[in-house]
Amino acid sequence: MQRRHALKTLALAAAGLGLGATPRRKKEAPVSVQTATGPISPEDLGVVLSHEHVMVDFIGADRVSRDRYDPDEVFRTALPHLKQIRDLGCRTLVECTPMFLGRDPALLRRLSEASGLHLLTNTGMYKAPYLPAYALEQSAEELAAAWTAEATKGIEGTGIRPGLIKIAVNPEAELVPIQKKIVRAAALTHLQTGLSIAAHTGPGLEVLDLLKAEGVAPGAFIWVHAQSNSDQSKCLEAARRGAWLSYDGFPATRGTEPPKIEVQLRTALDTGLGDRLLISHDAGWYHVGEPGGGTYRPYDAIFTHFLPTLKKDHPGIEKTLLVDNPRRALTPGVKGN
Ligand SMILES: [Zn+2]
């Protein structure tokens, strides 16, 4: 009870600082979404791809470094792909590469200015071996304080603030202690900033329970890679509780038969959960360490291959999945329970 009370006090204090949005303060300062080029109105997010990447570096937290890549080369590689989806009507791309895995907010700002796309970056941490040694030693409160500082003061001196919290959990049935701590740190950061929590795959229902224990409502949680879960009934259960399901692995082409992810999405739609779903490609991926960054995957297939057929069966689906849902999922607000 004491902790619950303390968190409620924390949330109210955060609201008073203008860091979050509770229903009580709706008439006060307008809520904005933080992008690489600054805050914008949630209405200006437009068409959103909610889970993509520009760059990733899988070398590990102990060796990751800005010296390992040429930002100009990454810029030249990514820009045509961002311009391509801008021409297809996309207005916002959420870049989900966490710190210690190739996050570079200044590069995103350059790409945003050159492409005309809003780009969102994130705070939070992934899982081993992409966790720094200090993440093992520090408490959830200490990690949350650092992530909250990024949300209020900007990341690494750039002044760029994260648009969401991105974490990962282990894929096994039960959360391991270090990932429980990461989830708790994300919950504390949410309560202080109002940023939503996107968690890479794993036992989503357990994450929801953990968030609930910390006083965070399901609406603050985005279940990343929902398509990877072999038991889709668990994902649908999470959505029924109010979580977001991110079907974010749409392939480059569709073919005549719908791929598994489209079948899963259609099942969720037919279950009446259309207002809890997000779609994306999890594409891009300039791989640091590979010549030329390897093969950069484009972000266009949803627009060119999937929406045309989905729209036939679900009129208006484009606005629901790419405009209304991501706007609701990304608009900051302390979602306590
Ligand atoms: Zn991803």
Side-chain angles (χ1 to χ4, degrees), residues 35-36 48-61 64 69 74 77-78 81-82 85 90 92-105 107-108 111 117-131 162-171 179 182-183 186 195-204 207 221-229 235 238 243-252 259-262 264-265 277-290 293-302 306 321-322 325-326 329-330:
T35 77
V48 180
L49 287 177
S50 52
H51 187 107
E52 308 290 350
H53 297 268
V54 164
M55 184 174 71
V56 286
D57 186 354
F58 288 109
I59 192 71
V64 78
Y69 59 91
V74 186
T77 306
H81 297 283
L82 299 174
I85 52 169
C90 185
T92 300
L93 179 144
V94 182
E95 215 275 349
C96 287
T97 303
M99 64 171 99
F100 297 103
L101 243 168
R103 183 185 66 166
D104 187 340
L107 175 62
L108 296 185
L111 284 165
L117 269 186
H118 299 302
L119 297 178
L120 271 59
T121 187
N122 61 87
T123 190
M125 277 179 192
Y126 210 65
K127 55 187 174 179
Y130 312 106
L131 289 174
L164 75 164
I165 302 160
K166 168 77 192 295
I167 59 169
V169 289
N170 53 288
Q179 298 314 127
I182 295 291
V183 172
L195 295 178
S196 292
I197 303 163
H200 174 99
T201 194
V207 175
F221 173 58
I222 302 169
W223 189 330
V224 173
H225 308 329
Q227 72 277 3
S228 302
N229 201 294
C235 299
W244 297 97
L245 301 183
S246 178
Y247 287 94
D248 49 33
F250 276 82
K260 192 172 158 195
I261 187 171
E262 184 183 325
Q264 292 167 323
L265 179 81
L277 308 176
L278 303 166
I279 56 172
S280 221
H281 306 89
D282 196 19
W285 299 63
Y286 177 101
H287 282 88
V288 177
E290 291 184 20
T295 305
Y296 199 98
R297 286 163 41 218
Y299 311 109
D300 63 314
I302 283 176
F306 289 94
L321 296 181
L322 292 174
N325 288 356
L330 293 167

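Read the numbers this way: they start at 1 and go in the same order the structure lists the ligands and their atoms. Side chains are part of it too, since the values below use all heavy atoms of this structure and drop only hydrogens, waters and symmetry mates.
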Query raised in the report: For D57, which residues count as a salt bridge (charged side-chain N to carboxylate O under 4.0 Å, His left out) partner, sequence neighbours excluded?
Result: R68
Query raised in the report: Of all residues at least two apart in sequence or in a different chain, which pass the side-chain hydrogen bond (donor to acceptor under 3.5 Å, both in side chains) check with S246?
Result: D248
Query raised in the report: Would H281 and H51 count as a ring pair (Phe, Tyr, Trp, His ring centres under 6.0 Å) if you check the C-alpha gap in whole Å, the side-chain angles of each, and the deciding distance to 0.1 Å?
Result: CA-CA 7 Å; H281 306 89; H51 187 107; over 10 Å; no
Report summary line: Test ring-ring contact (aromatic ring centres under 6.0 Å, His included), reference F58, set Y286, Y130, F100, output is Y130
Query raised in the report: Do P98 and K166 come close enough that some side-chain heavy atom pair is under 4.5 Å?
Result: yes
**Report entry** By salt bridge (charged side-chain N to carboxylate O under 4.0 Å, His left out) - contacts of D104 (at least two apart)
**Finding:** R66
Report summary line: Given a cut-off of 2.8 Å, the protein N, O or S atoms lying below it from the Zn ion (ligand 1) are H51 NE2, H53 NE2, D282 OD1
